[in-house]
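Report on the following structure.
Atoms within a ligand are numbered from 1 in the order they appear, just like the ligands themselves. Everything quoted here is computed from the prediction, not taken from an experiment.
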Amino acid sequence: MTGSSKPKAPENVDDVAIVGAGIIGLAAALALRDAGQRVVVLDRQQAMHEASWAAAGMLAANDPHNPAEMHALAVYSERLYPAFLARVKELTGREIPIRSRQTLEGLPNGENGPGRRVTAEEIAELAPGLNVGELVFSVMEEKSLDPCDLTEILPGAIRAAGIELREYTQVLRVEADEGLHRLTAAQRADEKTEEAQFWGRHVVFATGAWRAPVEQAPAVEPRKGQLVMLNLRGPEQTACTLRIPGLYIVPRGDGNYVVGATLESTGFDQSTSEPMIAELVRRAVALWPPLAGASRGPAWAGLRPMSEDGLPVIGSLTPGEAQPTLWVATGHFRNGILLAPGTAHVLRDLILGRVPEVVVDGFSLSRFSAAAV
Ligand SMILES: Cc1cc2nc3c(=O)[nH]c(=O)nc-3n(C[C@H](O)[C@H](O)[C@H](O)COP(=O)(O)OP(=O)(O)OC[C@H]3O[C@@H](n4cnc5c(N)ncnc54)[C@H](O)[C@@H]3O)c2cc1C
């Protein structure tokens, strides 16, 4: 630290201070702002540059491998997506395109999926050359988007909505101060780091795989995922996401396909490993042989936030308190892009004292203490 900036005058108190500018923090900010709240979002680096940028972007509400407890929130969030994207467009004039609209999912014989079983003729039409092997394929209406589009456009929408977005501002601690919360942050600018303070009536921690800097924060762990982009020229293309257990191929258009993903417990390391990427490519080619002719694009990795039971943690950090003001939204693990608009609406409703439109008791922090008892 090189100094201390003057504390913001307490009359400039924000209604809600959100820590973390990934998709969860930003979607919540927008929902709260649209409900008339004054909102500030703080991130220790550039907005949307962690898991929310790295993701494959499938809105896989009906993936049979999702935990059943998540289904209602997933369907609710998927339903809110068109309005979320329309609002971003209204604020910025820029569209976040839907990159694929159907998924072909292959499951071992005997495992049931939610999609409609497809014939060999349909497969030849939807994904020419697909190697079905021992799997049974179904098709479902499932969309995907490119998180890089979100990274480019969403922060502008946030600012256009009148939300203050402070990047390079790492929240170090949060303390009670005259009925408010005082957030102390290390703010980086012009190669200097200074201490800055913010006040909020409510604080939301949306810090992804990083544990929130307060005692009550739930345990969360990073689960690394590596991905690679392949580019395929020529007539054999597919507009469908192809998914089998442990592997997906997501089309981005123009012959580009994202292949993923590994699932690793390697702490906060975000490096890619050539043997693991080569193995992903090998498995992708085995599933869809036309990819043998594809050229390799960049590989990257991101950290999925995983809670103790693999389900999101959404709600009060002080369960049981009559009028809570400290909130958390983390643990979205493999589905945070899908779950963002739904989580945002739930948080907005809880903070404003309304009843959320979807039952979220199962995501409460209190489930961990109940399990301990
Ligand atoms: C390889 C991979 C593929 C995926 N594919 C999909 C998919 O297809 N579909 C899907 O729905 N989901 C997918 N996900 C999951 C999804 O990316 C995450 O669940 C989601 O992005 C989590 O969003 P978040 O906002 O909670 O976290 P993040 O995007 O990680 O954001 C957290 C933010 O908090 C900030 N922060 C942390 N601590 C502090 C602090 N003390 N002060 C200030 N700022 C702080 C960080 O800098 C970061 O910007 C994938 C993830 C990975 C890694």
Where ligand 1 meets Thr169 - atom numbers and elements under 4.0 angstrom, heavy-atom basis: 43 (C)
Is Leu42 in contact with ligand 1, taking contact as a heavy-atom separation below 4.0 Å? yes
Report the part of Tyr248 in contact with ligand 1, treating N, CA, C, O as backbone and CB onward as side chain, heavy atoms under 4.0 Å; options are side chain, backbone, both, neither. side chain
Verify the distance criterion only: is there a donor paired with an acceptor across the side chains of Gln102 and Glu141 at less than 3.5 Å? yes
Have Gln45 and Tyr168 got a donor and an acceptor in their side chains that come within less than 3.5 Å? no
Ignoring hydrogens, what is the shortest heavy-atom contact between Gly22 and Met48? Give both atom names and the distance. C-SD, 3.7 Å
Contact (N/O only, under 3.5 Å) between Arg44 and ligand 1: yes
Is there a nitrogen or oxygen of Ser52 sitting under 3.5 Å from a nitrogen or oxygen of ligand 1? yes
Tell me the protein heavy atom at minimum distance from atom 52 (C) of ligand 1, and give that distance in Å. Arg304 CG, 3.6 Å
Report yes or no: does a heavy atom of Gly57 sit under 4.0 Å from some atom of ligand 1? yes
Please work out which of the three classes, parallel, tilted or perpendicular, describes the rings of Trp53 and His49, given edges at 30° and 60°. parallel
Using salt bridge (charged side-chain N to carboxylate O under 4.0 Å, His left out), reason through Arg38 and Asp15 one step at a time and then give a plain yes or no. CA-CA 5 Å; Arg38 183 178 157 150; Asp15 294 316; over 6 Å; no
Cation over ring, Arg283 on Trp288, under 6.0 Å and within 45°? no
Ligand-residue contact atoms, ligand 1 with Gly208, heavy atoms, under 4.0 Å: 26 (O), 27 (O), 32 (C)
Contact check: Met48 vs ligand 1, nitrogen or oxygen atoms, below 3.5 angstrom: no
Would you call Arg99 and Asp149 a salt bridge, using N to O less than 4.0 angstrom? yes
Test: Lys224 and Asp269 ion pair at under 4.0 Å: yes
Taking the minimum heavy-atom distance to atom 53 (C) of ligand 1, which of Ala28, Ala185, Gly260, Gly302 ranks first? Gly302
Looking only at the side chains, is there a donor atom on one of Glu105 and Tyr248 sitting less than 3.5 Å from an acceptor on the other? no
Between Glu122 and Arg116, does at least one N-O distance fall below 4.0 Å, as a salt bridge requires? yes
Do me a favour and list the nearest non-hydrogen protein atom to atom 42 (N) of ligand 1 with residue, atom name and distance? Val171 N, 3.0 Å
Give yes if a backbone or side-chain nitrogen or oxygen of Ala56 is under 3.5 Å from a nitrogen or oxygen of ligand 1, and no if not. yes
Does any N or O atom in Ile337 lie less than 3.5 angstrom from one in ligand 1, N or O only? yes
Sub-3.5 Å N/O-N/O distance, Pro305 and ligand 1: no
What residue and heavy atom of the protein are closest to atom 9 (N) of ligand 1, and at what distance? Met58 O, 2.9 Å
May I ask you to list the atoms of ligand 1 that are less than 4.0 angstrom from any heavy atom of Leu338? 10 (C), 11 (O)
May I ask you to decide whether Asp63 forms a salt bridge with Arg243, counting only side-chain N to carboxylate O separations under 4.0 Å? yes
Considering only heavy atoms, does Pro147 approach ligand 1 within less than 4.0 Å through its side chain, its backbone, both, or neither? neither
Cationic N near anionic O, under 4.0 Å, Arg367 to Glu69: no
Nearest-0.5 Å distance that lies between atom CG in Leu165 and atom CG in Asp43: 8.0 Å
What part of Leu339 sits under 4.0 Å from ligand 1 if we count only heavy atoms: the side chain, the backbone, both or neither? neither
Quick one: does Gln170 get a heavy atom under 4.0 Å from ligand 1? yes
Give yes if a backbone or side-chain nitrogen or oxygen of Gly25 is under 3.5 Å from a nitrogen or oxygen of ligand 1, and no if not. no
Among protein heavy atoms, which lies nearest atom 17 (O) of ligand 1, and at what distance? Ala51 O, 3.1 Å
What protein heavy atom is closest to atom 48 (C) of ligand 1, reported as residue, atom name and distance in Å? Asp43 OD2, 3.4 Å
Regarding ligand 1, does Ile24 bring an N or O atom to under 3.5 Å of one of the ligand's N or O atoms? yes
Salt bridge check: are Glu195 and Arg188 linked by an N-O gap of less than 4.0 Å? no
For Gln45, take its heavy atoms, then give the atoms of ligand 1 lying under 4.0 Å from any of them. 47 (O)
A student checking ligand 1 against Gly225 at a 4.0 Å heavy-atom cut-off should list atoms 1 (C)
Of all heavy-atom pairs between Pro305 and Ala209, which one has the smallest distance, and what is that distance? CB-N, 3.5 Å
Is it true that the side chains of Trp327 and His202 contain a donor and an acceptor less than 3.5 Å apart? yes
Which residue and atom name correspond to the protein heavy atom nearest atom 50 (C) of ligand 1, and how close is it? Ala55 CB, 3.5 Å
NZ/NE/NH1/NH2 to OD/OE distance under 4.0 Å, Glu167 and Arg159: yes
With heavy atoms only and a cut-off of under 4.0 Å, state how Leu227 meets ligand 1: side chain, backbone, both or neither. side chain
Could you say whether the N/O atoms of Phe333 and ligand 1 ever approach to under 3.5 Å? yes
Side-chain contact, heavy-atom cut-off 4.5 Å: Phe84 with Leu154? yes
For atom 38 (N) of ligand 1, which candidate among Val19, Asn66, Leu303, Thr207 holds the nearest heavy atom? Thr207
Shortest protein heavy-atom distance from atom 20 (C) of ligand 1, along with the residue and atom involved: Gly336 CA, 3.7 Å
Looking at ligand 1, does Thr262 have a heavy atom less than 4.0 Å from it? no
Using a 4.0 Å cutoff against the non-hydrogen atoms of Trp210, which atoms of ligand 1 qualify? 30 (O), 37 (C), 38 (N)
Could you find the nearest protein heavy atom to atom 12 (N) of ligand 1 and give me its residue, atom name and distance? Arg334 O, 2.9 Å
